[in-house]
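Everything below concerns the one structure shown next.
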Amino acid sequence: MRIFLFAAETALKSVWHEKWINLLTVLSISIGLLIISAFVTITQNLDSVLKRWSKDFGLVVYLKDGLTSGEESTLRDYFMHDTDVISVKYVSREQAFEELRQTMGEQSSVLEGFESNPLPPSFELTLKSELLTPSNVERKASEIQHLNGVDEVQYGEKWLSSLSTLANIMKVVAVFLGGAIYIAIAFITYSTIKIFFYRRKDEIETLKLLGATRTFIRLPFILEGLFIGVLAGVVSSLGLFGTYSLLLNKISAFLPSISIVMVPLPLRAYIPAPLAGALMSFLGSFVAVGTIRY
Amino acid sequence: MRIFLFAAETALKSVWHEKWINLLTVLSISIGLLIISAFVTITQNLDSVLKRWSKDFGLVVYLKDGLTSGEESTLRDYFMHDTDVISVKYVSREQAFEELRQTMGEQSSVLEGFESNPLPPSFELTLKSELLTPSNVERKASEIQHLNGVDEVQYGEKWLSSLSTLANIMKVVAVFLGGAIYIAIAFITYSTIKIFFYRRKDEIETLKLLGATRTFIRLPFILEGLFIGVLAGVVSSLGLFGTYSLLLNKISAFLPSISIVMVPLPLRAYIPAPLAGALMSFLGSFVAVGTIRY
Amino acid sequence: MIQFAGVSKSYDTDVVLKDITFTIDKGEFAYITGPSGVGKTTLLKLVYCAERPDEGAIVVAGWDLKKIKQGTIPYLRRNVGIVFQDFRLLPNKTVFDNVALALRIHDMHPQEIKEHVGEVLKEVRLKHKENILPQHLSGGEQQRVVIARAMVSKPTVFLADEPTGNLDVETSRTIMNLFRQINTRGTTVLIATHSEALYHGTGRRVLFLRDAQIEKEIVG
Amino acid sequence: MIQFAGVSKSYDTDVVLKDITFTIDKGEFAYITGPSGVGKTTLLKLVYCAERPDEGAIVVAGWDLKKIKQGTIPYLRRNVGIVFQDFRLLPNKTVFDNVALALRIHDMHPQEIKEHVGEVLKEVRLKHKENILPQHLSGGEQQRVVIARAMVSKPTVFLADEPTGNLDVETSRTIMNLFRQINTRGTTVLIATHSEALYHGTGRRVLFLRDAQIEKEIVG
Ligand SMILES: Nc1ncnc2c1ncn2[C@@H]1O[C@H](COP(=O)(O)OP(=O)(O)OP(=O)(O)O)[C@@H](O)[C@H]1O
Ligand SMILES: Nc1ncnc2c1ncn2[C@@H]1O[C@H](COP(=O)(O)OP(=O)(O)OP(=O)(O)O)[C@@H](O)[C@H]1O
Ligand SMILES: [Mg+2]
Ligand SMILES: [Mg+2]
C-alpha cells in the first residue's frame, strides 16, 4: 500500500515535471479518439439519413386503369399483412395530380393544359429499413409486380444503391481506422513512457542497486501511462461534445434541414471509446516498462 | 563554416537519438498542416461547386406569348452586350418541352395528355460568378423583368443564398483556423526543442564552461527545429496528395458525379502551406533556445 | 560472509580479474587496494551482482550468486550498503530524500524513516543541509551523503569504494570512525581505496590487487 | 595573472568566502587547501566566472571580471583549462570526442584536433581507451580524461580541483609531473586539494582556507 502511494506521488511529480511531452501525448491521443468518435457519429448519421430517405425511395405501386374499389382494398389488405412493409399509403388520381403540381412548382402552369387527369392511382409502400439494400428492394418489387391489378412498380434504385454502399464502406473503414487508431494510441503512450524510462535510466539503475524490486520501479511509469490515457479520454469526450454542439448550432443556423437528419449525440455511446483509449494507453505503458533486468 | 558542419552533425545525431519525440512532433505538425490544406481544398471545392451550380441557378427569362423573331433577336442582342452576362442560351418551345420530359423522367407519361405545347420560349442566362450573391442576382432579375417582351424571370434564390453564406463562413473559419494552427506549430516545435534543451542542460553547462559561444550551443537546436519543420512539411504534402488521390478515386467509383465537382489538387498552391509551417517551426526553435546566460 | 573462489572477469578482451580467491568472514573489516584501473570497483560490483563473473563462484551473505534468481537480487542488495565511487545521488531529490530512498525501498513507515535519516545525517554532519539538492553541495559533502545513504538501512555487508577521495584528513578520520562503529555492530566492512593513509596502522587485512590478481595480503 | 581583492561570496545566508585578497603571478604554481566544504571549489568558480562575487574585484589574465560582458566570457574561459571536481564528462561521447570537444570549441581543424588529442591522451596513459565511453572507465581513468581535456587547448591559466582524489600514489605522481611540465611552458597553475601529500615538499606557495578566510600561507 505504502509502495503504491509512493509510486502515485512519483507519477504525479513526473506528470508535472514532463508536462510538455505529456501535453503533446494527451493531445495526440485525444485527437485519435476524436477521430474515432467523429467517424462513429458520421456513420450513425449516415444511417439515419438512409432511413429517412428510405421513405422517399419507398416502392410506388401504380395500379391498372379501371380497378374496382373491392380490388383495390384486396391489394391494400395484402400489403397491410406483408411483414416487410411498414407503411401503406393510398394515393388517388386526384391526390397524385395535386402532388405533381406541387413538385413542378414554378413550372406547374404547364399542367393547366390538361383536359382530363392522366395519372393512375397508386400505393406508396415503405419497407423495413433492414431490407433497404438494392437487391432486396428489387426482389420485393418484382414480387409485387406479379400481383393482380398492378401496372408498374417504381423505386429509386440508383440513389439507394450508392448511399447504402457508402454506409457500408464507412462501417468497414470505421472498423479498420478505429483499430489502427487504438493501436496508434497504445504506441504513442508506449513511446512516451519509453522516453521517460530512458530519461531516468540513471535513476532506475541507482534504484536497482539500492535493492528496489521491479514493482517499485515500474509502478510509477504504469500509473503515469494510465493517467495520460484517462486524461486523453476526458479531453476527447469534452472536445467531441463541444465540437458537435457547436457544429449542430452553427450549421443548422443556415441549413435548418440538417438538424432533422443529424442524430443527437448519445453520450452513453461515447464513453466506451475513450475508455478503450485509456486501456490501450495503460497497455502501452505496461509494455514500455516490461523489461527490467538485474 | 566548421562550426556549422559540427552543429549539423550534432543536430542529426540528436534527431536520431530522440527519434520518438521527433516523430511525435513531426506527426503533430503534419496533422496541423494537413488540416490547413484540407480546409483550403474544401473551400476551393465549395467555390467550384458554387460556380458550377451558378449555371443551374442562372436566370431563366420566360418570354411573352407571340413575340416576333425580330423582337426575340433584339432581346438576345441586348443580353449579348450586357457585360454581366457570360452566356446566353435560347430555348425554344419545343426544346423546353423535351427538357421537361427528360426532367420528369419516369413520370413523363403524364405529358402525353397534352394537346398543344403550353411552354413558353426562354433565354437561359449565366451571370459572371463574381455577381452570384443573392442581392446582385435579385437586382439583375428585376432589371431584366422590365425589358420589353419579358414575361417572368426565375432564379434559385434559396440555395444560392445558403451556399454563398457557407462559402464565406468557410473562408473566415479557414483564416482563423489557419492562424491558430500556425501558432500551434510554432508552439509544438518550441516545446519539443525546449525539452531537448532541458534534457541536455548538463551538457550545455559543460560546453559553456569549456568556452563555447552562444552560437556554438544554439545552432544544433535551431537546425533540429528547422529539420523537424521541413520534414513535417514534406510528410503533410505527401499525406495530402495521397489522401486526396485516394478519396477522389474511391468516392468517384460509386458517386461518379463527384469528380466533375471536385477541383484537381493544384500542387503549386500546396507548397506555401508546408513552407510556412517549416518557417513557424524554425521560429519556435529559435525562441526556445533564445536565452543563454553565462 | 563474502567468498570468492577462482573468480575471473574480463571486459571484451580486457582481463581485469583472473582466478581471484579469498574469504572475508562475518564481522571482519578489510581493505582492497591497488593502482588506478586495476579492478577494485569491478571486484565490488561482483559482490553486489552489478557484474557477473566469467568464471568462478561467489557467495555473499549466504546467497550463491551463481544460482541467484533475477527476482531475488533486490533482496540481496537490501543487505548490502554501498558507497559508490561515482556517488549516484539522484539530482532532483534533496539530501533528505536521497537518503530516505534507501528506506522507502525497504517499505519502512514514513515516521520511522524521518527519525533514522535525521540520525544518520547528524552522524555525517550534514543535518543542516538536508533540504538542499546534491548539486549545491561541495564534493566532500556529496560523498558524505552517499555514506549516509549506505549506512541508514543497517546492512549486514558494507562496501565502500574510495569513500574519502574528496575528504580532508580530519573529515576522513571521522568517517573512518563511523565505519568502525558500524563494524562493531556486527556488519562486515570492505573498503576499496588507493590511499595508504586509510589502512596504514589499522591492524586490518589489506588485499593488494595488481595485474588482475591478488599480489599479496598484509596487515595494515 | 589571478588577482582577488576583498572578495566575498555567500550562498543564501551561508558565508563561504569573506574578504579574500591574494595574487598569483604569471607562471606561478600554487595550491589552495582546506577542509571539506570550506570553499575551495567556490574560489575556483569565481576565477572562471561560474559564480560572481558579492563584493570585491577579480582580475584574471587581464580581464576585469566585474566589467566583463556576457559575450566575452567564452573567450576568457578558452584561456582557462579546468579539471572539474565532478568531472563533467559528456556521457554519450567517447573519450576521444570528450577531449576533442575543447578544441572543436576553438574551431580547430579536424586533422590538427586528431593529432593534439592523440598526444595528450598518451601523456595521461589513456590512448588505448580513446574509443570507450566514460562510464566504462574506472574512476581514476575518468579523472585522467578530465585532465587531458583541460590540458589539450594549451590554456594560459590551469585550474585543477582535487585532481588526484581518485588516483593512487604512483599515478598521482605522473599527473603532478605533467602539471609541472605545463607550468614550465609558462602556464599559471592553481590546484585545489585537501591532500597534504600533494603539496608537501614541493617548495610552492600554499594558501590555507578556514572559516571563509585565508588563514595562513606557507611554502609547501
Ligand atoms: N563497463 C566496462 N566496460 C569496459 N571496460 C570497463 C568497464 N568497467 C571497467 N572497465 C575497465 O576495467 C578496468 C578496471 O576498472 P575498475 O573500475 O574496476 O578499476 P578501479 O580499480 O576501480 O580503478 P580506480 O581506482 O581508478 O577507480 C579499467 O581498465 C576499466 O577501463
Ligand atoms: N550552488 C550552491 N548553492 C548553495 N550552497 C552551495 C552551492 N555551492 C556550494 N555551496 C556550499 O558552499 C560551501 C563551500 O562549497 P565548496 O564546493 O566551495 O567547498 P569545497 O572547499 O570545494 O569542499 P570539498 O573539498 O568538499 O569539495 C559548502 O558548504 C556548500 O554546501
Ligand atoms: Mg574504482
Ligand atoms: Mg570542492
Side-chain angles (χ1 to χ4, degrees), chain C residues 11-14 16 33-45 51 84-89 91 124-126 128-129 131-132 134-144 161-175 192-198 200 208-210, chain D residues 11-14 16 33-45 51 84-89 91 124-126 128-129 131-132 134-145 161-175 192-198 208-210:
Chain C
Y11 292 112
D12 303 321
T13 57
D14 218 2
V16 177
T33 191
S36 171
V38 76
K40 304 182 290 295
T41 301
T42 304
L43 192 147
L44 294 187
K45 280 183 178 167
E51 294 284 357
F84 301 102
Q85 188 174 12
D86 51 358
F87 299 176
R88 294 195 160 275
L89 292 169
V124 298
R125 300 204 227 137
L126 281 176
H128 59 296
K129 302 251 175 194
N131 292 320
I132 285 180
Q135 68 255 41
H136 293 161
L137 293 178
S138 84
E141 288 163 346
Q142 289 179 24
Q143 195 156 39
R144 282 178 277 155
D161 197 353
E162 216 69 86
T164 60
N166 286 281
L167 298 178
D168 56 293
V169 185
E170 208 176 315
T171 317
S172 289
R173 207 169 292 140
T174 322
I175 293 298
T193 183
H194 65 261
S195 163
E196 207 189 315
L198 229 56
H200 190 74
F208 277 81
L209 279 181
R210 182 172 291 271
Chain D
Y11 292 111
D12 303 320
T13 56
D14 218 3
V16 177
T33 191
S36 171
V38 77
K40 303 182 291 295
T41 302
T42 304
L43 193 147
L44 294 188
K45 280 183 179 168
E51 295 285 355
F84 301 101
Q85 188 174 12
D86 51 358
F87 299 176
R88 294 195 160 277
L89 292 170
V124 299
R125 299 203 229 139
L126 280 176
H128 58 297
K129 302 253 176 192
N131 292 321
I132 285 181
Q135 67 257 39
H136 293 160
L137 293 178
S138 83
E141 287 163 347
Q142 288 179 24
Q143 195 156 39
R144 282 179 277 156
V145 178
D161 197 351
E162 215 71 83
T164 60
N166 287 281
L167 298 178
D168 56 293
V169 184
E170 208 175 315
T171 317
S172 288
R173 207 170 293 141
T174 322
I175 293 298
T193 183
H194 64 261
S195 162
E196 208 190 315
L198 230 55
F208 277 79
L209 279 181
R210 183 171 290 272

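Numbers restart at 1 for each chain; the letters A, B, ... are given by sequence-line order, proteins then strands.
Heavy atoms closer than 4.5 Å to chain C are found nowhere in D:S172, neither backbone nor side chain. Contact annotation for C:E170: only side-chain heavy atoms (C-beta onward) come within less than 4.5 Å of a heavy atom of chain D. At a 4.5 Å heavy-atom cutoff, the contact between C:T164 and chain D is made by backbone atoms alone. In this structure, chain C has no heavy atom under 4.5 Å from any part of D:T41.
Annotation: the span from D:Q142 atom CD to C:D86 atom CG amounts to 7.0 Å, rounded to 0.5 Å.
The side-chain hydrogen bond (donor to acceptor under 3.5 Å, both in side chains) search around C:D14 returns D:K129, not counting sequence neighbours. Looking at residues two or more places apart in sequence or on another chain, you find a side-chain hydrogen bond (donor to acceptor under 3.5 Å, both in side chains) between C:R125 and C:T174.
Side-chain contact between C:S36 and D:R144 is present, with heavy atoms from C-beta onward closer than 4.5 Å.
Ranked by non-hydrogen atom pairs under 4.5 Å with chain C, the options D:G165, D:G140, D:G39, D:G139 are led by D:G165.
Contact detail for D:N166 and C:E162: the closest heavy-atom pair is OD1-CG, 3.8 Å.
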